[in-house]
There are 2 protein chains.
Amino acid sequence: MNRIKIILVDDHQIVRDGIKALLSDTSYINIIGEAKSAYEFFDLLKIETPDVVLLDISLPKMSGIEVSKILSAEFPEIKKLMLSMYVSEDFIFNALKSGIDGYLPKNTTQEELLFAIKEVYEGREYFNKSISDTILKSYVKNAKYGNTVSDNNLGSLTKREHEILFYVVEGLSNPKIAEILSISVRTVETHKTSILRKLDLHSIVDLVKFAIKNNIIEL
Amino acid sequence: MNRIKIILVDDHQIVRDGIKALLSDTSYINIIGEAKSAYEFFDLLKIETPDVVLLDISLPKMSGIEVSKILSAEFPEIKKLMLSMYVSEDFIFNALKSGIDGYLPKNTTQEELLFAIKEVYEGREYFNKSISDTILKSYVKNAKYGNTVSDNNLGSLTKREHEILFYVVEGLSNPKIAEILSISVRTVETHKTSILRKLDLHSIVDLVKFAIKNNIIEL
DNA sequence: TAGCCATCTACGTGTTTCGCGTAGATGAAA
DNA sequence: TTTCATCTACGCGAAACACGTAGATGGCTA
C-alpha cells in the first residue's frame, strides 16, 4: 500500500500541530503539506497533489466549503475530509452539497480520524455518528412536516462566476474586482447578472444573505 | 410541580461540584447531566432534554455565547441561564444578543441561584443586580454622550434611520422605500448615507452583514 | 425668549452599478 | 464538424452611491 499523501488546511497552528501529532506515528500516512488559508492551499496544489485533503470548515476569507466546491469541480480525484467544530444541520448540508467525502467533528479520536482517512482514500464515504444522526434527524423532520430540503443552484455557477460572487460578497466594488481579475468592469457586471439570474436572486442584499447561508463568507 | 431538569455546562470540575452542592438539597431541582465543553453538552442533548441549562460563558473552543445562540435557534424551549466571572458590558451585551434568559455572576448566593432558576423556568428573565446596573449605566451613558456605545453604534441611529435601515437590508430598492414612507428618493439616499457614516460602514454589503450580526434581520 | 442642536426633509453633480440585450472567441463535447 | 457552455465585452437608460449643501421643525436650555 502506498503511503496516503495528505495536505492539512486549517488556520490554527495548534490544530494543525495536533493533527500532525495524531498522524505522525502512522506508517502509511505522509503529510506532504499544510496551509492556513484557501489561497495558500491552492498555491500548494500547484506543486503537490495529495490523495486526501483535511479541510477545516471555517477558514478566513474563503470557507472550507468553497474550497471543497472548487476541488470537486477541478480535482475530483482528490478526496476531501472535512473537520468542523460545528455539527449543525446547515453546515453539514452545505458540506455535503460541496461534494465532500467525509465529515468529522474536531473532537474526534485518533482511531476515528485514521479510519476516516482510509475510508475516503479507498473511495468510500465516512461520516461521524453525530453527523449521520443529524442528517437522519433532518430527513425525519422533513418527512414529518413535508418540508423540502433547502436547495440552491450554486453548482450551476461557473468557476469564474464563483470567483466574482466571492469578491462581490466581500464588499469589493466592480472596478476593484475588474482590476484584480484584469477584466473590464462591464464583464464583471455581466457575471453578476448571470449569478443573480442563476441563483434566482434579485439584489445584492439577497446575494449577501445567500452567501452567508451557504458559508461562502463568514459574518 | 415537576422537578426542574438541569444540565450544567462548565469546564471546571470545581465549579460544577460547587453548583451541584448548592442545588443538591433542593427537592424540586434535578441535575440530569453535566458537560465540560460545548461538544459534551450537545452530545448530552441527544439523550437528555433539560428545562434549564446553566452555561459558563467561557468554555474551551466554543464559548457559552455560541452555545446559547445555537440553543436559541435549535431548542428555543430550553431556558438558558448564564454564569460568568465577568460583568463587563461587552460580555453582557453579547450574552443578551445570544438570547439568554438570565445572567448571574459566579459569586452568586444559593438563594439567588435558586430564584433565578425558578424565574427562567417559568418563562421570565432574571438578571443579577450588578448586571442590570451595568446595562442601566450603559443606557444612561448613551443618553448622556449620544454615541459612545461600546458594542456598536446602533443606538446612535435615529428612529427614521432605523426604519430605513430595516427596509434596506430587507432588500427593498430606494424608490420602493421612498414610496412606502412617502418621502423622496433623495431623502432615502441621504438617510442611507447617514446610516453608513454613523455605523462606520462603507457598502451595502457591509450593512447587510452588520444587520445580521445585530439581529435586525434573520437569514 | 432667543439660541442651539438634532432630526427629517430635499436637491446638485458626478461616478458607479443595475437590468436588459447583444455578441465575438475559445475550447470541450457530441 | 457542429453544437454548446463559458468567458469576454459593449450600448443604453434607470437606479444607486458619494459628497456636499440646506430649509423646516421641534425640543432643550442659557
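The chains referred to below are lettered A, B, ... by the order of the sequence lines, with proteins before strands, and numbering in each begins at 1.
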**OP:** Examine dT17(C): is either OP1 or OP2 under 4.0 Å from a nitrogen or oxygen in the side chain of Lys192(A)? Give yes or no.
**Re:** no
Subject >> Phosphate OP1/OP2 of dC10(D): any Ser184(A) side-chain N/O under 4.0 Å >> reply: yes
Subject >> Nearest-Å distance for atom pair CG/P, residues Leu196(A) and dT17(C) >> reply: 14 Å
Original post:
Can you tell which of dA10(C), dC10(D), dT17(C) lies closest to the side chain of Thr190(A)?
Top reply: dC10(D)
Subject >> Ile204(A) CD1 to dA15(D) P, straight-line distance once rounded to whole Å >> reply: 17 Å
Between the protein and nucleotides 4-7 of chain D, are there any N/O to N/O pairs under 3.5 Å, and if so, what are the atom names and distances?
unit_1	atom_1	unit_2	atom_2	d
dC7(D)	OP1	Arg160(A)	N	3.2
dC7(D)	OP2	Thr158(A)	OG1	2.2

Original post:
Atom CZ of Arg197(B) and atom C1' of dA6(C): how far apart are they, to the nearest Å?
Top reply: 12 Å
Original post:
Rounded to whole angstrom units, what separation is found between the CD1 atom of Ile195(B) and the C1' atom of dC17(D)?
Top reply: 14 Å
**OP:** Please list, by residue number, the residues of residues 172-182 of chain B whose heavy atoms come closer than 4.0 Å to an atom of DNA chain D; answer none if no residue qualifies.
**Re:** Ser173(B), Asn174(B), Pro175(B)
Original post:
Between atom CD of Glu119(B) and atom CD1 of Ile117(B), what is the distance when rounded to the nearest 0.5 Å?
Top reply: 11.5 Å
Original post:
Quick one: His202(A) NE2 to dA15(D) P, roughly how many Å, whole number?
Top reply: 17 Å
Subject >> Ile29(A) side, atom CD1; Ile6(A) side, atom CD1 - distance, nearest 0.5 Å >> reply: 4.5 Å
Original post:
Is it true that the side chains of Thr193(A) and Thr190(A) contain a donor and an acceptor less than 3.5 Å apart?
Top reply: no
Subject >> Side-chain donor-acceptor contact under 3.5 Å, Tyr103(A) with Glu125(A) >> reply: no
Original post:
Between the base of dC17(D) and the side chain of Thr193(B), is there a donor-acceptor distance below 3.5 Å?
Top reply: no
**OP:** Measure the distance from CZ on Arg186(A) to C1' on dA23(C) and round it to the nearest whole Å.
**Re:** 13 Å
Original post:
Where is the tightest heavy-atom contact between Lys79(A) and Val120(A), given as atom of each residue plus distance?
Top reply: CG-O, 3.2 Å
**OP:** May I have the distance from Glu163(A) (atom CD) to dT8(D) (atom C1'), rounded to whole angstrom?
**Re:** 14 Å
Original post:
Atom CG of Leu207(A) and atom P of dC18(C): how far apart are they, to the nearest Å?
Top reply: 10 Å
Original post:
Which atoms form the tightest heavy-atom contact between Ser37(B) and Val9(B), and what is the distance?
Top reply: O-CG1, 4.0 Å
Original post:
What closest approach, in Å, do Asp51(A) and Arg3(A) show between heavy atoms, and which atom pair accounts for it?
Top reply: OD2-O, 3.8 Å
Subject >> Under 3.5 Å donor-acceptor, Lys209(A) side chain and Val169(B) backbone >> reply: yes
Subject >> Derivation and outcome, side-chain contact (heavy atoms from CB on, under 4.5 Å), residues Phe42(B) and Leu45(B) >> reply: CA-CA 5 Å; Phe42(B) 283 116; Leu45(B) 213 50; 4.0 Å; yes
Original post:
Between Val185(B) and Glu189(A), who's closer to the 5' end of DNA chain C by nearest nucleotide?
Top reply: Val185(B)
